[in-house]
Amino acid sequence: MPNEGSKGKWEQQLREAATHLEEDLRRFAKYVNDEIVPDVRRNSSEALRDAAAELHKLANRMDDHARRNPPQPPPPPRAPKP
């Protein structure tokens, strides 16, 4: 069935995107804990600017990824069985 293959491909792409997002979020959380938190204790306004810059970079990477891999439309719903 061709629909099964496209559904599997769509699900695989979704899993890969989720994996990449989880990795990015882990790296960002580590960055916040290792770099931002100590700075906040010393100089909160500058640290917030640094965090905003990192969030901006993360958003740009997510946008770039979305442009490279446009989302596939979900498969059409199956017809109800009589």
Would you say that more than 12 heavy atoms from the other residues, nucleotides or ligands in this model lie under 6.0 Å from the CZ of R41, or not?
no
With a 4.5 Å cut-off on side-chain heavy-atom distances among I, L, V, M, F, W and Y, is there a chain of contacts connecting L48 to L58?
no
From L21 CG over to E16 CD, what is the distance, rounded to the nearest 0.5 angstrom?
13.5 Å
Nearest non-hydrogen partners of A51 and I36, listed with the distance:
N-CD1, 3.8 Å
With the threshold set at 4.0 Å, does a side-chain nitrogen-carboxylate oxygen contact exist between R26 and E23?
no
With rounding to the nearest 0.5 Å, note down the distance linking CG in N60 to NE2 in H65.
14.5 Å
How far apart are the C-alpha atoms of V32 and E54, what are their side-chain angles, what is the distance that settles it, and do they pass the side-chain contact (heavy atoms from CB on, under 4.5 Å) test?
CA-CA 9 Å; V32 168; E54 287 300 314; over 6 Å; no
Rounded to the nearest 0.5 Å, the NZ atom of K30 sits from the CG atom of L25 at a distance of 15.5 Å
Whether D64 and R61 form a salt bridge (side-chain N of Lys/Arg under 4.0 Å from carboxylate O of Asp/Glu) is what I want to check.
no
With rounding to the nearest 0.5 angstrom, report the CD to CG distance, E35 to D50.
9.0 Å
Nearest-0.5 Å distance that lies between atom CG in D63 and atom CZ in R68
11.0 Å
